[in-house]
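Counting starts at 1 for both ligands and their atoms, following the listed order.
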Amino acid sequence: IAGSFAHAAAARERWPGGPAQASFVLQREQAGRPVSETLAGLSYETLQLADPAFFSKDNHALVQLFRQLSPHGVLRIGGNTSDYTVWSGYRGALPVQHSNRNGPQRTFVLHPQALHALAGFLRATGWKLIFGVNLKIGVPALGLELSRAVQRIVGDALLAVQIGNEANNYEKDYAAFDAAWMPYASAIHAAGVPIGGPDTGANTDWVIDYAKRHAAENVFLSRHYYRDGAPNGSIANLLASDAAFYAQVEQIMRTAEAVHLPFRLSEANSYYSGGRDGVSNVFASALWGADFMLALAQRGVAGIHFHGGTLASVEASLGQGTDTAASTADPSARRDAVTSRYSAIAGNVGLGFQPRPLYYGMLLAQQFAGARMVPGQLDEGGANLTAYAALREDTLHVALINKDVSRDASMVVSGLQGFGAGRLMRLSAPALDSRRDIVWEGSDNAGAGCAIAVDPHGSCRISLPRASAAWIRLARLA
Ligand code: BDP
């Protein structure tokens with residue numbers, strides 16, 4: 001606490017008039033939504049399976065990074081390359097798929113070996129799988145055979161198959177999509193393989209139409225999200241809140257709740273076309289990612305799958321060639337160079353793996369998984385900051401995210417009656433555009449961070465330097 005006041009004093013010198021005076025009042029008499037255990041998710045291109053050593057139980061570094069992120073995560077395999085994938089076991093005739101701007105140069109033939117390796121990876125991590133099959137090719141029998149193979153090989157780890165990736169890019173409207181989707185869905189459903197969808201790009205109306213027609217055959221609803229397309233984008237753009245999207249999520253959630261289906265953001269990230277260098281892969285993305293996940297958790301979204309993977313797999317999904325020759329001896333820079341800019345994890349089997357800044361933001365938000373959100377009244381005091389709270393058994397969690405590029409804040413959190421001492425942990429970095437040196441004090445989960453105490457009025461004051469986040473964990477008084 002003494003350290004916090006020293007921080008605040010230093011902040012006053014940098015900002016005339018002192019730090020923004022903010023407050024967050026928990027409204028514990030109101031019940032918030034439960035947060036899914038599977039909040040943190042990842043998404044990869046199907047083409048990532050071209051190297052069966054990538055998603056393999058023997059890829060210990062990647063297994064470890066997944067497990068550390070979540071013991072109950074969901075891996076979504078799909079993207080543009082899923083709509084250019086065929087199954088080696090399929091014996092029927094297949095049309096040649098022509099590449100276009102929105103797709104890879106050539107068809108990828110998936111072999112059982114890659115699915116067996118993936119099954120081992122899922123067992124080793126405890127993660128479940130969402131797997132996308134090729135709708136664009138227009139051969140339902142191929143989709144059925146691949147879905148059956150995935151279910152046979154992966155077993156209970158299969159959460160659902162999705163049919164088509166962003167079909168809004170190639171079907172003229174929802175009715176055309178539905179007509180193409182139906183023969184796949186009825187065959188796959190009849191085979192006893194669970195389905196989720198529609199995995200559309202940014203079409204909220206498609207999700208609602210789909211829910212109305214197909215809720216009974218589905219285990220979840222889904223769509224994608226990107227803030228914008230690269231090379232658009234900037235740190236300031238990313239850190240501003242996307243209120244229009246949250247309004248769409250609320251609209252989807254009304255439908256999802258009415259049909260009793262969870263809603264997942266099956267593919268999401270900051271900027272499409274592989275991400276924006278200097279934005280998607282720097283510390284700003286950690287603050288964005290943590291805030292984005294918690295804002296969506298508060299609205300009831302069951303999982304957010306941040307898209308990523310190797311540069312080769314993502315560039316192929318964009319119909320681009322790839323030049324990954326990194327002329328540096330620094331191993332972490334080389335891992336970065338072979339990875340898509342928005343990926344939460346960098347590296348490949350040859351070079352090893354490391355977390356990107358976004359990964360730390362996901363770790364922070366994932367602390368809320370399995371808890372119940374507690375509503376609160378936030379007064380930002382003029383700064384760009386957000387606050388969230390959640391209750392898990394006898395532990396109260398509060399996350400404070402200062403996304404302001406220039407204003408420090410001093411935040412009074414109140415409504416904490418009945419809770420005593422706890423720990424305060426910070427997420428910070430040297431600068432918003434730092435690619436490395438991210439500090440996450442919650443990493444060892446046991447006694448990290450500094451001690452914090454609630455005063456007799458149920459409040460505490462926390463300094464929140466610009467471009468940083470804090471997470472408080474408080475224990476109920478005996
Ligand atoms: C999405 C696609 C994915 C791409 C991504 C991007 O589903 O395959 O890699 O866009 O543009 O629409 O980065």
| Among all residues two or more places apart in sequence or in another chain, which pass the side chain to side chain donor-acceptor pair (under 3.5 Å) test with Ser270? |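 Ser270 satisfies side chain to side chain donor-acceptor pair (under 3.5 Å) with Ser280 only.
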Please identify which atoms of ligand 1 are closer than 4.0 Å to at least one heavy atom of [X].
X      : result
Leu318 : 6 (C), 11 (O)
Gly79  : 7 (O), 8 (O)
Glu45  : 3 (C), 4 (C), 8 (O), 9 (O)
Glu166 : 1 (C), 7 (O), 12 (O)
Tyr342 : 5 (C), 6 (C), 9 (O), 13 (O)
Tyr226 : 5 (C)
Asn80  : 2 (C), 3 (C), 7 (O), 8 (O)

| request: May I ask whether Gly274 has any heavy atom positioned less than 4.0 angstrom from an atom of ligand 1? | output: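 Yes, Gly274 has a heavy atom closer than 4.0 Å to ligand 1.
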| query | Among the heavy atoms of Tyr271, does any lie under 4.0 Å from an atom of ligand 1? | reply |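 Not so, Tyr271 does not reach ligand 1.
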| request: Report the member of Arg341, Glu315, His307, Glu267 with the shortest heavy-atom distance to atom 10 (O) of ligand 1. | output: Glu267
| request: Would you mind finding which of Ser317, Ser273, Ala268 brings a heavy atom closest to atom 9 (O) of ligand 1? | output: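 Shortest heavy-atom distance from atom 9 (O) of ligand 1: Ser317.
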So does [X] pair up with [Y], basic N to acidic O under 4.0 Å?
X      : Y      : result
Arg435 : Asp277 : yes
Asp408 : Arg466 : yes
Arg213 : Asp178 : yes
Arg33  : Glu257 : yes
Asp156 : Lys128 : no

| query | Does NZ or CZ of Arg299 fall inside the cone over Tyr246's six-membered ring, less than 6.0 Å from its centre and within 45° of the axis? | reply |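 The answer is yes, since Arg299 meets both limits relative to Tyr246.
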| Is it the side chain, the backbone, both or neither of Asn269 that has a heavy atom closer than 4.0 Å to ligand 1? |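 No part of Asn269 is near ligand 1 at this cut-off.
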| field | Set of salt bridge (Lys or Arg N to Asp or Glu O under 4.0 Å) partners for Arg436, sequence neighbours left out | value |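 Listed in chain order: Asp336.
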